[in-house]
Protein chains: 2
Amino acid sequence: MATIYEVSKLAGVSLATVSRVINNNTPVREATRIKVLEAMDKLGYHPNSVAQSLASSRSNSIGIVVSELNGPFFGTLLSDIETAFRKAGKHVIIAAGHSDEKLEKESISFLQSRNCDALILHVEAVSDDYLTELADKDVPFVLLNRFVPSLYQRCITLNNQHGGYLATQHLLQLGHTNIGYISGPMWKHDAEQRYNGHLRALAEFAINSSQSVFYEGDYHEKGGADGMTQLLNTDPQITAVVCANDEMAAGAMTAARELGRSLPEQLSVVGFDNVNFSHYMCPKLTTVDYPIGGMGQMASRWVLKNVYQQKLGDIQNVFEPRLIQRDSAAAAK
Amino acid sequence: MATIYEVSKLAGVSLATVSRVINNNTPVREATRIKVLEAMDKLGYHPNSVAQSLASSRSNSIGIVVSELNGPFFGTLLSDIETAFRKAGKHVIIAAGHSDEKLEKESISFLQSRNCDALILHVEAVSDDYLTELADKDVPFVLLNRFVPSLYQRCITLNNQHGGYLATQHLLQLGHTNIGYISGPMWKHDAEQRYNGHLRALAEFAINSSQSVFYEGDYHEKGGADGMTQLLNTDPQITAVVCANDEMAAGAMTAARELGRSLPEQLSVVGFDNVNFSHYMCPKLTTVDYPIGGMGQMASRWVLKNVYQQKLGDIQNVFEPRLIQRDSAAAAK
DNA sequence: CTGTTAGCGCATTCAT
DNA sequence: ATGAATGCGCTAACAG
């Protein structure tokens with residue numbers, strides 16, 4: 001691999017000048033710039049990004065921690081983040097936190113030791129205190145889907161409460177009054193908030209929430225299936241169920257069908273997230289859209305703006321969910 | 001951030017000794033090792049990986065090029081690759097090639113400029129010649145789902161031909177004789193091979209392949225839907241359709257239903273890939289399993305073994321697909 | 001087993 | 001506008 005030194009020799013200029021045309025940050029006479037560019041070209045020169053990093057104390061890399069790499073959700077997120085940074089010549093290093101406190105911390109320190117210029121964190125298990133302390137260290141970071149009061153400027157969140165509200169409101173408007181709820185693990189903030197939204201909708205329609213059956217699931221297919229089974233056993237009169245995410249909705253729908261319910265005639269189901277396979281399900285899932293891609297782009301913008309000083313538009317900290325009506329929720333009889 | 005120099009001062013040893021206990025590659029007296037470790041601890045020292053890379057000309061990073069970051073397929077792949085390397089203290093840099101020659105080349109050179117120690121490539125658009133030339137350069141790489149004769153030791157492939165065979169054989173054994181085929185873009189090797197397997201099965205059962213209707217799709221849902229529509233128009237007698245991937249199967253099934261066919265009673269469908277949502281579909285999709293996770297692990301092993309000299313088991317270059325029987329394929333009347 | 005020394009490839013003052 | 005000099009933090013001979 002050719003070095004900047006060889007380029008400078010071939011171009012007959014100093015090493016510093018070559019650096020200048022590379023970084024394009026100091027005036028260089030057009031004639032010499034061309035000489036340098038030609039030399040670089042002739043040698044097939046590519047700057048060594050590692051050396052650049054060491055000299056500039058900038059790695060041009062952004063670390064991302066997500067819960068899981070597989071799953072429909074993070075694919076969309078990563079895709080949009082990668083596109084945004086790639087355009088800016090930065091690269092993305094990924095690590096999985098698996099919703100586990102120890103693994104999340106390990107991921108973060110792993111990324112720190114990699115000298116990332118910034119971190120984008122979708123973490124669930126570490127505490128607010130831990131994050132607040134982390135903010136005092138030197139690595140800048142943004143939080144995705146997590147609200148920490150003291151760090152509010154760097155939180156990009158979804159209005160989960162309103163999402164939960166929308167799902168239940170939709171069923172209520174369809175005339176359902178006996179609505180079950182399958183939540184995510186309640187220690188997760190989003191699960192709690194989505195459920196709160198559900199309760200608010202119920203209250204607004206003057207439905208006594210104790211009438212409503214609740215099951216705490218795991219955000220996975222199995223939890224949805226178990227939840228539906230239990231809900232239907234507890235109260236066979238249920239005509240609709242809200243699931244706190246699409247995966248559970250998938251499991252719930254399968255279970256309901258196995259228990260002899262026809263969908264959506266006898267039982268309506270609403271999901272949450274609008275993952276890419278939600279319209280493959282049948283009936284096609286009515287769900288609440290989680291604009292994860294847009295949120296990833298916003299997180300990227302935060303980094304580009306605050307860490308790399310690019311002049312970009314304002315940061316939108318909270319995103320609004322939106323109901324996607326498909327075929328799994330029908331009017332109550 | 002503390003440096004190795006500060007550690008050496010605090011521990012009262014030389015800078016080289018500190019480096020030795022970090023890298024743990026040269027004998028160091030236990031007593032001094034402890035002194036050093038304590039000093040590192042007291043200073044909260046973490047080696048600067050950028051400086052390590054520059055000095056050792058090793059970045060401990062592996063570049064990955066996949067077609068898309070979203071989609072069910074690559075999530076599984078990336079997840080397994082990340083896990084494997086993370087365990088080894090390496091990190092993964094990802095880039096999307098979007099099945100486009102220009103973008104794939106850009107991704108590769110981007111990763112090269114990042115001084116990756118090795119590349120794992122799932123590329124479709126670049127030519128064999130390009131890859132052969134790349135092999136003469138200094139970056140080692142493995143190829144996923146791509147066979148280049150001159151590079152056979154570094155190709156991790158699926159026996160796509162056999163997969164196509166399995167899908168069609170299954171339908172044939174169920175008594176179907178009028179089988180349509182919706183392929184992927186035929187310029188992609190896997191699409192071509194899967195189709196060849198289909199033809200082989202047909203031949204084996206003495207079915208004249210001209211009887212069989214063919215549609216060239218795009219590996220996406222839309223292509224599947226269009227394909228099914230056209231197939232059913234061309235030959236309404238078709239009782240079964242093989243789709244070259246699950247996404248197209250999803251589109252095809254929707255289209256078939258819209259055309260009034262009941263599944264699987266009037267029409268059987270078999271997919272390919274066994275992506276994570278294939279069992280959410282209804283009827284649950286009968287498909288051919290593509291062990292992408294295992295192949296990713298194998299690619300990781302190749303890198304760990306050939307680039308980082310870890311002693312590991314043998315490399316398995318070709319993986320076998322396997323039929324997953326679910327509910328979308330039924331016996332012919 | 002440990003210390004000394006010399007770069008790795010580049011960005012960045014400070015001069016000119 | 002350009003060149004010379006210095007150092008980023010660490011690894012890797014080479015001595016001892």
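As the structure is a prediction and not an experimental result, all values here were calculated from the model. Residue numbers begin at 1 in each chain, while the letters A, B, ... track the order of the sequences.
- Within residues 32-56 of chain A, the residues having any heavy atom closer than 4.0 Å to DNA chain D are, in order of number, A:Thr32, A:Leu54, A:Ala55.
- Here the P atom of nucleotide C:dC8 and the CG atom of B:Asn60 are 20 Å apart, to the nearest Å.
- B:Lys9 places its NZ atom 16 Å from the P atom of C:dG3, with the value rounded to the nearest Å.
- Remark: B:Lys9 NZ is loosely packed, at most 12 non-hydrogen atoms of other residues, nucleotides or ligands lying under 6.0 Å away.
- The two atoms that bring B:Ser107 and B:Ala96 nearest to each other are OG-O, 3.0 Å, heavy atoms only.
- Around CG of A:Asp314, the count of heavy atoms belonging to other residues, nucleotides or ligands within 6.0 Å does not exceed 12.
- Side-chain N/O atoms of A:Thr3 include none lying less than 4.0 angstrom from OP1 or OP2 on C:dG9.
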Please assess B:Phe147 against B:His189 for the test side-chain contact (heavy atoms from CB on, under 4.5 Å), listing each intermediate value before the final yes or no. CA-CA 9 Å; B:Phe147 183 73; B:His189 298 108; over 6 Å; no
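- Rounded to whole angstrom, the span from the CG atom of A:Leu15 across to the P atom of C:dC14 amounts to 19 Å.
- For DNA chain D, the span of nucleotides reached by chain A at under 4.0 Å from its heavy atoms goes, 5' to 3', from D:dA1 to D:dG9.
- Between A:Gly63 and A:Leu111, the closest heavy-atom pair is CA-CG, 3.7 Å.
- In this structure, A:Lys137 does not pair ionically with A:Glu133, as no charged nitrogen and carboxylate oxygen lie closer than 4.0 Å.
- The side chain of B:Arg20 places no N or O atom within less than 4.0 Å of a non-bridging phosphate oxygen (OP1 or OP2) of C:dC1.
- For the atom pair A:Ser113 OG and B:Asn60 CG, the distance stands at 10.0 Å (nearest 0.5 Å).
- OP1 or OP2 of C:dA11 has at least one side-chain nitrogen or oxygen of A:Ser19 nearer than 4.0 Å.
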Side chain to side chain donor-acceptor pair (under 3.5 Å) evaluation trace for A:Arg58 with A:Asn115: CA-CA 8 Å; A:Arg58 273 263 173 100; A:Asn115 295 81; over 6 Å; no
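- Taking atom CD of A:Glu6 as the reference point, atom C1' of C:dC8 lies 13 Å away to the nearest angstrom.
- Residue B:Thr17 is classed as a sugar-phosphate contact, given heavy-atom separations below 4.0 Å to backbone atoms only.
- One interatomic measurement links the two molecules: CD1 of A:Ile22 to P of C:dC10, which rounds to 6 Å at whole-angstrom precision.
- No contact: A:Val18 has no heavy atom under 4.0 Å from any strand.
- Between B:Leu15 and B:Ile4, the shortest heavy-atom distance links the atoms O-CD1, 3.9 Å.
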